[in-house]
2 protein chains.
Amino acid sequence: MRKGTRRKVRSPEVGDEGTPRGQPLLADVARVAGVSEITVSRVVRGLERISPQTRARVLAAIETVGYVPNRLAGALASSGSMLVGVVLPSLSNIVFADVLRGVHAALAGTGYQPVVGVTEYAPNTEERVVRSMMAWQPRAMIVAGFEHTAPARRMLEASPVRVAEIMDIDAAPIDVAVGLSHRKAGYDSARHLVSRGYRRFGYVGHDWERDRRARLRYDGMRAALGEAGLDLVDERRVDGPSTTADGRAMTAALLAGDGRPDVVVFSNDDMAVGGVFHCFATGLVPRRDIGLFGFNGLDIGQALPLRLSTVRSNRFLIGRSAAETLIAQAARPSDPTIIDTGYEIEAGETA
Amino acid sequence: MRKGTRRKVRSPEVGDEGTPRGQPLLADVARVAGVSEITVSRVVRGLERISPQTRARVLAAIETVGYVPNRLAGALASSGSMLVGVVLPSLSNIVFADVLRGVHAALAGTGYQPVVGVTEYAPNTEERVVRSMMAWQPRAMIVAGFEHTAPARRMLEASPVRVAEIMDIDAAPIDVAVGLSHRKAGYDSARHLVSRGYRRFGYVGHDWERDRRARLRYDGMRAALGEAGLDLVDERRVDGPSTTADGRAMTAALLAGDGRPDVVVFSNDDMAVGGVFHCFATGLVPRRDIGLFGFNGLDIGQALPLRLSTVRSNRFLIGRSAAETLIAQAARPSDPTIIDTGYEIEAGETA
DNA sequence: CTGTTAGCGCATTCAG
DNA sequence: CTGAATGCGCTAACAG
């Protein structure tokens, strides 16, 4: 039925004008332009060494047949996909949306394309997501944190693709870590607050299982308090993710308790804004009556009537640095790299 | 050098234990398991008609060689990628993160995988993103809004993939529209506020170029005001995206003006929260002194000391319905469909 | 500067 | 239930 050669021959049920059923192919463009397929391929990929006339003819042909390249085939043939897998815990958290913006910024114009997966903070889901991203043969992977299931870790370690573990630099990375030391940030926060005269520390936080970095900040804070001869007078934690509503409720509970804190450190800004709202609702004046301190430096905290005192994490920079570093060098270096994107304490007006 | 057949023959520089350089392939698993490639392929894809013994042997072989399927090749061979392209204006806006969560929810466990692109509200960027997504041969596309460049529209119309245009149902879709009538939502908001006794309407909004839906709500509001024999007494708009900080500043400006509004309608909750913050900062009491009304029903508005009066848009539902609808039927129906996910007016405590 | 040839890794026919 | 052949659409590696 078919010629013995495996060169593609359009099925007999071809239309008539060079536009067979289905999507137009490279071959259709080539036929219309009167050149070979590889020439079209070169034009599409913007390679040099094509005469202006030929290029123009090909471009015109692409336009007339409405050609859209099939990257599946292209990536398979060149065994390189120009995809960068990005595995994040959640997108409901602005923090990760910021990271993603950074990744986008670094990748814009490079030809690389990010593919995003969301784990909902579940290691098993992360494993599934990593597995399915790897199946698309990405050039690099960006994953949040160091906590992976054993199979996920094996996949990332065994594969030749570059891997950035982001947000955190408090552990040894597979390839490169980009982020900040949350332990140190917690430590410095407490030192800052002690230097401002606070002595009775309360803590309001969220689920440490889901957010190990919150735990690191907490540990750092306690270490600093210990060195200063202090300790927490009280603390509250909710089981779920951080929300402003829970921050508000837990602040109310903490202030109603016996600890009588003079400052409340929150696991992040979302929770801390809830603390500020509690003050607004009850007439307490932040800083004068109670110090409130967050983490992240989100816009919402800075838009409050009183600028939230917090630590600015550089999420955009984390995403951008990770992506830049990965695409700068195709091969994984022999030694792991750590990129510290730092943080800044924002004195603010609430502590 | 090579056998005349085009059957793959591992390069001579093969290792020795059935684990050649590079990623293990289906053929490697087949060799180790002592079956044919197609049998491995069937096991991997979970097809029926495989004897338990064979399946077990294959599974074991997959484990020992550490096989990860190459979906690039799979999708090319089967000309179907199990990808769903999702094109959104921004991820910094929780609204779209919610939509994405809905898409994820609908796709979880179906084998489909979302691939996200971000346009930053720029039609030209949208065109680029659509083009590059289409190049991955997705099974379906979900795009925000109806505003596309002519080439982008042509690509979406011409392609056989299913297309959902989401957020908005105030225009004729290419295939299916999922969302709510923003015009009607604006209209109903104004009617609601009129019925609550407000007469002097102010408006604070953001860039209409970027956010056409905000414009539709505005138009609907003005229509309702007109019917009630009213009109805006004053309005302010910023050029950029909606932010809480701008909402606060514009509210201050509006209240300092000559219009003396008794209610301010905001383009969305982000802006409205800024209005509430302005009140907190100046001692004004929302509703008693000035009505404040938003749009979206974001968590932050409901966590305020006073629950923000607003309209709940069902973003999660929009994402889920769109994805469900698209994967329920592979072929594009002859007639466009419109799915109205509705909205609810939340009376709240600020208007 | 342009063309020819031979796959990329897998899944779809068909046969058994 | 399992296997052999063929090609998905494109690009790398040579030639010219």
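Chain A is the first sequence line, chain B the second, and so forth, proteins listed ahead of strands; every chain is numbered from 1.
- Nucleic acid contact class of B:L26 (heavy atoms, under 4.0 Å, all strands): sugar-phosphate only.
- Dashed line: the shortest gap from a side-chain N or O of A:T39 to OP1 or OP2 of C:dG3 is under 4.0 Å.
- Taking the side chain as every heavy atom from C-beta outward, A:T125 and A:R128 approach each other to under 4.5 Å.
- Among the atoms of the strands shown, only primed sugar atoms or phosphate atoms (P, OP1, OP2) are found under 4.0 Å from some heavy atom of B:S78.
- Distances shown here put a side-chain N or O of B:R45 below 4.0 Å from the OP1 or OP2 atom of C:dT12.
- Counting heavy atoms from C-beta outward, A:E37 and A:L25 have side chains that stay 4.5 Å or more apart.
- Few gaps surround CD on A:E157; more than 12 heavy atoms of other groups in view lie less than 6.0 Å from it.
- Rounded to an integer number of Å, the gap from B:R31 CZ to D:dG3 P is 15 Å.
- The shortest distance between the side-chain N/O atoms of B:T54 and the OP1/OP2 oxygens of D:dC1 is not below 4.0 Å.
- Here the side chain of B:L25 is nearest to one of D:dG9, C:dG9, C:dG3, namely C:dG9.
- Distance CG (A:L47) to P (D:dC10): 15 Å, rounded to an integer number of Å.
- Note on B:R71: nothing from the nucleic acid sits closer than 4.0 angstrom, heavy atoms only.
- With rounding to whole Å, B:L72 atom CG is found 15 Å from C:dG7 atom C1'.
- Nearest-nucleotide positions on DNA chain D for B:Q137 and B:R42 put B:R42 closer to the 5' end.
- Side chain of B:N70, nearest nucleotide from D:dG9, D:dG3, C:dG9: C:dG9.
- Note on A:Y67: every side-chain N or O is 4.0 Å or more away from OP1 and OP2 of D:dG9.
- Counting heavy atoms from C-beta outward, A:P89 and A:T119 have side chains that approach closer than 4.5 Å.
- Residues B:R139 and B:M82 form a side-chain contact, since some pair of their non-hydrogen atoms from C-beta on lies under 4.5 Å apart.
- The phosphate of D:dT11 (OP1 or OP2) has a side-chain N or O of A:S41 nearer than 4.0 angstrom.
- Checking D:dA13, D:dC10, C:dG9 against every side-chain atom of A:A73, the shortest atom distance belongs to D:dC10.
- Across all strands shown, B:I50 has heavy atoms under 4.0 Å from sugar-phosphate atoms exclusively, and none from any base.
- Side-chain proximity of A:L76 to the nucleotides D:dC10, C:dC8, C:dT4 is greatest for C:dC8.
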TODO: Please test A:Y67 against A:V32 for side-chain contact (heavy atoms from CB on, under 4.5 Å), starting from the C-alpha separation and ending with a verdict.
DONE: CA-CA 11 Å; A:Y67 174 67; A:V32 170; over 6 Å; no

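- With rounding to whole Å, A:R49 atom CZ is found 19 Å from D:dT11 atom P.
- Here A:S79 does not reach the OP1 or OP2 of C:dG9: none of its side-chain N or O atoms lies under 4.0 Å away.
- Comparing C:dG3, D:dT2, C:dT12 by their nearest atom to the side chain of B:I38 picks out C:dT12.
- For A:E37, counting side-chain heavy atoms from C-beta on, the closest listed nucleotide (D:dA4, C:dG9, D:dC10) is D:dC10.
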